[in-house]
Amino acid sequence: MQENTTQIANSVFAEEVRKGLTDFPKHLSSKYFYDATGDELFQQIMAMPEYYLTNCEFDILERNKAALANLFGEEVDDFSLFELGAGDGKKTKILLKYLSEKGVEFDYRPIDISQNALDQLEASINLELPKVKINTLQGTYFDTLKTIGTAHNKRKIILFLGSNIGNLLHPQAIDFLKQLRAAMNEGDLLFMGMDQKKNPQTILDAYNDKAGITAAFNKNVLTRINNELGGDFNLDNFIHWEVYDPETGTAKSYLVAQHECKVRLEALDLNVRFKPWETIHTEISQKYDDEVVSWLANEAGLSLVTSFADEKNYFKDYIFKK
Ligand code: AVI
């Protein structure tokens with residue numbers, strides 16, 4: 001266990017874990033999947049054949065880069081391309097490469113909580129696309145966008161790729177969109193990836209791969225609790241379980257206890273009991289259709305400009321304005 005137990009016990013992570021494991025039914029937030037191991041597992045997920053989302057969005061960006069460059073640069077000499085949670089920027093580089101080859105005036109401003117991720121991204125852009133002006137911004141999406149806010153004197157294009165919004169329930173997603181709207185001026189654009197409803201089996205396969213990478217990703221939240229909160233979860237006692245409701249478009253991930261067990265969380269001075277087959281709900285991955293997207297945008301005060309789909313209509317990128 002890490003050293004400063006008092007500090008850890010009072011952290012937001014600790015408090016959310018306490019709440020989630022003492023509630024009925026139990027739950028933990030998927031935002032806690034992501035530490036260095038979780039980031040690495042997510043990279044592996046994005047490379048899996050079953051996880052169609054990445055290739056679909058690649059395809060959309062590749063096939064529409066010229067149209068997107070026109071839209072982003074329409075009626076302005078210069079703009080800023082902000083990206084929320086840029087990661088390794090693999091998909092964004094398609095656009096960056098095209099824009100810089102065409103001599104379009106813009107700067108790239110990736111926002112991420114991890115300075116390490118930003119440093120790596122900056123180094124790779126400087127190496128691969130030296131003409132791109134990059135200005136990294138470390139912080140949470142909203143603190144950073146609030147600081148930039150409406151005072152930014154160039155057009156803002158805000159990218160939020162990969163259907164990351166799908167990890168939010170609809171009310172949270174509306175709140176998120178409202179906050180983005182508050183940081184936008186007239187003329188600014190929001191470019192957002194949103195995974196679509198499709199054959200339920202395709203979705204289940206994407207979140208329940210045979211190699212067990214998604215299972216390891218899901219269980220990483222337990223590893224974090226063990227490492228950071230002095231937990232003694234036996235990972236083998238839990239199975240990864242995925243369900244998809246084609247009516248609501250919601251995929252849900254669970255960890256299910258196979259046997260009765262007791263878990264001790266030393267930093268929280270907490271004992272947690274699991275009955276056989278008791279669940280911990282860990283993640284939602286919402287799938288959308290045009291009607292739901294219009295409803296969300298409307299609730300948040302945004303209007304839809306246009307959208308781009310991949311060949312199979314598995315995934316769409318939507319453009320919204322204020
Ligand atoms: C980050 N997020 C959009 C991924 C998703 O598809 O919901 C996280 C993920 N969970 C399991 N596989 C991938």
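Just so it is clear, the values below take in all heavy atoms, side chains as well, and ignore hydrogens, waters and symmetry mates. Numbering of ligands and ligand atoms starts at 1, following listing order.
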>> To check your reading of the model: name the closest protein heavy atom to atom 7 (O) of ligand 1, its residue, and the distance in Å.
In response: S285 OG, 2.7 Å
> Please state which protein non-hydrogen atom is closest to atom 2 (N) of ligand 1 and give its distance, to 0.1 Å?
Replying inline: N167 OD1, 2.9 Å
>> Once you measure the plane-to-plane angle for Y32 and F13, does it fall in the parallel (<30°), tilted (30-60°) or perpendicular (>60°) bin?
In response: tilted
As an exercise, identify every atom of ligand 1 less than 4.0 angstrom from a heavy atom of [X].
{"X": "E283", "answer": "7 (O), 8 (C), 9 (C), 10 (N), 11 (C)"}
{"X": "Y51", "answer": "4 (C), 5 (C), 6 (O), 12 (N), 13 (C)"}
{"X": "S163", "answer": "3 (C)"}
{"X": "G162", "answer": "3 (C)"}

> Do the charged groups of K316 and D290 touch, with an N to O distance under 4.0 Å?
Replying inline: yes
>> With a 4.0 Å cut-off on N to O distance, would you call E105 and K133 a salt bridge?
In response: yes
>> Can you confirm whether M194 sits close enough to L296 that some side-chain heavy atom of one is under 4.5 Å from a side-chain heavy atom of the other?
In response: yes
> So do F160 and D317 actually touch side chain to side chain, heavy atoms under 4.5 Å?
Replying inline: no
>> Please determine whether side-chain contact (heavy atoms from CB on, under 4.5 Å) holds for the pair F320 and V293, giving the CA-CA distance in whole Å, both sets of side-chain angles, and the decisive distance to 0.1 Å.
In response: CA-CA 10 Å; F320 304 100; V293 172; 3.7 Å; yes
> Short N/O distance, under 3.5 Å, between Y34 and ligand 1?
Replying inline: no
> Nearest 0.5 Å, what's the CG-CZ distance between L161 and F191?
Replying inline: 6.5 Å
> Hey, is Y207 touching ligand 1 through its side chain, its backbone, both or neither, going by heavy atoms under 4.0 Å?
Replying inline: side chain
> For ligand 1, which part of D195 has a heavy atom less than 4.0 Å away: the side chain, the backbone, both, or neither?
Replying inline: neither
>> Below 4.0 Å from ligand 1: does a non-hydrogen atom of G166 turn up there or not?
In response: no
